[in-house]
**Q** 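I have a structure I would like to understand better, so I am pasting it below and will then ask my questions one at a time.
Since the model is a prediction, treat every value here as computed from it, not as a measurement.
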Amino acid sequence: MLEVANLEVVYNEVILVLRGLSIEVPDGQIVALLGANGAGKTTTTRAITGLLDVHEGKITKGTVTLAGERIENLEPSQIVRSGITQVMEGRRVFAELTVDENLVTGGITNTDRVSISEAHDRVMTMFPVLADRRTATAGYLSGGEQQMLAIGRALMSNPKLLILDEPSLGLAPKLVAQIRDTIVEINQSGTSVLLIEQNANMALSIADYGYIMETGKIVMDGEAAKLLKDEDVQEFYLGLHGDGGDRKSFREVKHYKRRKRWLS
Amino acid sequence: MSGLPLVLAANALDTFVQTLFKALALGSLYALLALGFVLIYKATQTINFAQGALALAGTWFLSIIFMDWEIPGRWIGGPGWVHWFIALLLAATATAVLGLIVERLTIRPMIGEPLFSMAVITLGLEVVIRVVAFDAVNTTPRILGIPWGAETFKIGGAMVAWSYIAAIGMAGVAFLGTWRFFKTRTGVAMRATAFDQEAALAQGINVGRVFAIAWAAGAALAAISGIFASMPPWGPAGLASRDGAFFAFRALPAVILGGLDSVVGALIGGLIIGFAEVFAGQYLASYTGVIGTGYQQVVPYVVMLVGLLVRPYGIFGTAEVRRV
């Protein structure tokens, strides 16, 4: 189980981005972390995976524990070894490398040949599109294929916990559905998932539990099914009226946003 | 460095063959030097201005190992050139270690800092290593014991120096080796790091280790190219001398023309510059009355400028592969 407790993150020693964030990802579950732009979702990912350094960020308070072990001070490569891998926002495939070479980088922490080739086979079965294009340069794949490659690359390290940062971003609805099914499939094979999304509908439809984040804090959490039915969530994240289910106009949503903030 | 004095061959064909070998050899030399720059640039996005100083250090190591300590000749028998190549590898290894130390002390702490600062640090390193190496080499150049010396052989009527063959062969080995290396796991990790450092970190790639490998390889290549550049037709007659420190910069047009981040570019850029310089030297020689002497030193830069006008990233430099 991953536990983030009371986490505080500061960028450039002045900008406080996370203010006492606490979430839990129990083994074998899919947990959704929702929030608008700038809420601190990506910062949360960076804090868990050790990438804050790259962005001049620092954990000033709180802990991150995986299966009882503190991991917030480990190097990124050690965190990957301990079982957490992320699919970064915007896919971030190595565009100049081939599909297979991208997968090699994903399995870089794995030194066992047999286990690498098993992981590779698994990715190829999961994404037949990639199997057809193993020697293609990743930069020339379509957006959906790149997202699959990014997920496949992350799976190469056989993670216990997979963090996906906005996997549906910029993809057509059909592809979003496909990615969603993939996440379920990955979870069913025993990997816990922390799914970070703006697409609340998609995320909550497959998650066990959900957190809603605003300006660096969790403002609401609960079982995913309950959150989906919650009026506020419906109105703010799904753009639906509480009663009928008609879509609200963007103008009204903005008005609503000005009027009400999430408060716990 | 004007290369071999123009040896008059019997006929036009012999002259051409002779010039061809000379150009290929000089091109190979430039390509080797360029490869050192490219490896370090690919990993760290920094032009390592200390390559020349590392090259000089490499020639000094060879002279100490091979001439002073008589390694490996004091332990094993066999032909002299085998000894020399073993000593060459040892000298390259020693320079690689020097590169590792330099990287650890001065470059590693700069990861994530502005690239410009890193480039300036390498400039500072260049001065430091060069001054120390100058002191070591001193005013008397040191002998490198190059087994074939200035010997030549004949193809038809054309005179070809053994150094040419050695340089071409060495470049071939180095480029094949690099190409193979880039297909290995470590090589792929290195290319991934070059492309996107943060994403590489996210995969669990040890970026610090990648930097170290790049610097070690770059330094070893600097040593090898420095040593080859000191061979009779090019260098000061097989001696480790202070000139060695400046030769590396002559490969810069090749690096820039080929593309800073491309191994193939280093090879092609090196060859183009080598050919331009040698062929201009050979075939424009009768016009010195008009264009003056020493023009062949300028030719590489002219070629580079023209090349850059057409392709600003260099011939093989990647602007960026990105699907819109």
**Q** Could you look at A/Ser157 and say if it's the side chain, the backbone, both or neither that has a heavy atom under 4.5 Å from chain B?
**A**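 For A/Ser157, there is no contact with chain B at all, as no heavy atom is under 4.5 Å.
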**Q** Measuring heavy-atom distances to chain B, does A/Val93 have an atom under 4.5 Å in its side chain, in its backbone, in both, or in neither?
**A** backbone
**Q** Who wins among B/Thr193, B/Ile205, B/Asn206 for the most heavy-atom pairs under 4.5 Å with chain A?
**A** B/Ile205
**Q** What closest approach, in Å, do B/Ala189 and A/Ile108 show between heavy atoms, and which atom pair accounts for it?
**A** CB-CD1, 3.8 Å
**Q** If every non-hydrogen atom of B/Ala202 is compared with every non-hydrogen atom of A/Leu51, which pair is closest and at what distance?
**A**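 Closest pair (atom of B/Ala202, atom of A/Leu51, distance): CB-CD1, 3.9 Å.
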**Q** Restricting to non-hydrogen atoms, name the atom on A/Phe94 and the atom on B/Phe195 that form the minimum distance, rounded to 0.1 Å.
**A**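 Shortest heavy-atom contact: CA-CD2, 3.7 Å.
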**Q** Contact part of B/Ala200 toward chain A, heavy-atom cut-off under 4.5 Å: side chain, backbone, both or neither?
**A**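 Backbone plus side chain of B/Ala200, per the 4.5 Å heavy-atom cut-off to chain A.
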**Q** Hey, which of A/Pro76, A/Ala138, A/Ala150 has the most heavy atom pairs under 4.5 Å with chain B?
**A**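 Heavy-atom pairs under 4.5 Å are most numerous for A/Pro76.
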**Q** Does B/Arg209, at its CZ atom, have more than 12 non-hydrogen atoms belonging to other residues, nucleotides or ligands within less than 6.0 Å?
**A**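 No, the 6.0 Å shell around CZ holds no more than 12 heavy atoms from other groups.
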**Q** Find the distance between OG1 (A/Thr98) and NZ (B/Lys183) and round it off to the nearest 0.5 Å.
**A**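 Taking OG1 in A/Thr98 and NZ in B/Lys183, the distance rounds to 7.5 Å.
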**Q** Answer whether the closest heavy-atom distance between the side chains of A/Val80 and B/Gln203 falls below 4.5 Å.
**A**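 Side chain of A/Val80 against side chain of B/Gln203, heavy atoms only: no contact under 4.5 Å found.
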**Q** Just verifying a value: how many Å separate B/Asp196 CG and A/Glu96 CD, rounded to the nearest 0.5 Å?
**A**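 It is 10.5 Å, given to the nearest 0.5 Å.
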**Q** Would you say that B/Arg185 contacts A/Ile116 through its side chain, given a criterion of any heavy-atom pair below 4.5 Å between the two side chains?
**A** yes
**Q** List the atom of A/Thr109, the atom of B/Gly204, and the distance in Å for their closest heavy-atom pair.
**A**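 Nearest heavy atoms, A/Thr109 then B/Gly204: CG2-O, 3.7 Å.
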**Q** What residue, out of A/Ile79, A/Asn102, A/Val54, A/Asp53, has the most heavy-atom pairs lying under 4.5 Å from chain B?
**A**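 Sorted descending by pairs with chain B, the first entry is A/Val54.
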**Q** Does A/Glu101 pair with B/Arg191 as a salt bridge, N-O distance under 4.0 Å?
**A**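 Yes.
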**Q** For A/Glu8, I'd like to know if atom CD has over 12 heavy atoms of other residues, nucleotides or ligands within 6.0 Å.
**A** yes
**Q** Using non-hydrogen atoms only, which part of A/Asn110 is less than 4.5 Å away from chain B: side chain, backbone, both, or neither?
**A** backbone
